[in-house]
Amino acid sequence: MPTPTTANAYLATQTLTVLVPVYNEEESLPQFVVEMNKFLEKTPVATTVLFVNDGSTDKSLALLRDICRQDSRYEFISLAKNSGLSTAIKAGIDHCRSTLIGYIDSDIQTTPLDFLQFFQYFPQFDMVNGIRAKRQDTVVKKMSSKIANTVRRTLINDGIQDTGCPLKIMKIEYARRIPLFHGMHRFLGALVQLQGGKVKQIPVQHFPRFAGTAKYNLWNRAWKPLVDTFGFRWIRSRWKNYEIGEQHRGGSATPAA
């Protein structure tokens, strides 16, 4: 782990955007902002919260307009139609202007305050991924997620214990290279590793859903992840990285850093 001095010096030069995908979360959004404000008051990094409205059909978009109008730390983009979690995350990444990107769901089953634990692992690691401790979910949800995670780890052996945990921070240079495909959100840690990045995993708190209903069922959590895992294996088999050895830009030639 880097020393506190190293981490603090690094963080002083960084900015963070927290991506928050939203799909029909009108009941949770007001309390989500209350919880996020607690983090914004304590974060050592200049932070913007970027909501990504994924074609909500309730009052979520109207609430987002009000939230962002009242507080400049909050911004939103709204997709033209419901496109799924992977697309919402990718759209958020594409519209970030920061050096670090965080991700949290708006259902308040995780707390933004746990992001404060993540900062100490930068810059040594390129992504920090939460592990939901003492999960507060239904038995069906716990079992289907456990089966999906076990199958995924067996097939791709990435070592990510809780790939579905909606609490992550990664460096922008790794996030930018993540391709968009069905189920991409299930492989964020593995996709950082494919680029040669290092992923740190730490326990985070988990709570019962504050309001509303889950948007996923047994089909989403078991069969679809299996299909997506085979898709990821295909991408991994064809993945390519490159490094710049020397460059001539701005009137002078320089070796790679």
Taking atom types as modelled, find out whether Asp114 and Gln205 have a side-chain donor-acceptor pair closer than 3.5 angstrom. yes

Basic-acidic side-chain contact under 4.0 Å: [X], [Y]:
X	Y	value
Lys198	Asp126	no
Glu75	Arg97	yes
Lys224	Asp228	no

Min side-chain heavy-atom separation [X]-[Y] under 4.5 Å:
X	Y	answer
Gln14	Ser98	no
Ile93	Ile101	yes
Thr110	Ile104	yes
Gln195	Ile178	yes
Asn37	Arg73	yes
Phe119	Tyr10	no
Leu29	Phe51	yes
Ile108	Phe207	no

Please confirm whether the backbone N or O of [Y] pairs with a side-chain atom of [X], one donor and one acceptor, at under 3.5 Å?
X	Y	value
Lys168	Thr163	yes
Asn24	Ser56	no
Gln193	Asp158	yes
Asp58	Ser60	yes

Quick check on the hydrophobic clustering: are [X] and [Y] connected, directly or via other members, by side-chain heavy-atom contacts under 4.5 Å?
X	Y	answer
Leu113	Val34	no
Trp234	Leu188	yes
Val192	Phe181	yes
Leu155	Leu191	yes

Inter-residue atom distance Leu167.CG - Asn129.CG, 0.5 Å rounding: 8.5 Å

Determine, step by step, whether His182 and Val227 satisfy the side chain to side chain contact (heavy atoms under 4.5 Å, CB included) criterion, reporting the C-alpha distance in whole Å, the side-chain angles of both residues, the deciding distance to 0.1 Å, and the verdict. CA-CA 10 Å; His182 287 294; Val227 174; over 6 Å; no

What residues form a ring-ring contact (aromatic ring centres under 6.0 Å, His included) with [X], not counting sequence neighbours?
X	answer
Phe115	Phe39, Phe118
Tyr174	none
Tyr103	none

Among all residues two or more places apart in sequence or in another chain, which pass the side chain to side chain contact (heavy atoms under 4.5 Å, CB included) test with [X]?
X	value
Asp66	Arg69, Gln70
Ser86	Leu180, Met184, His185
Arg236	Ile156, Leu194, Phe232, Arg233

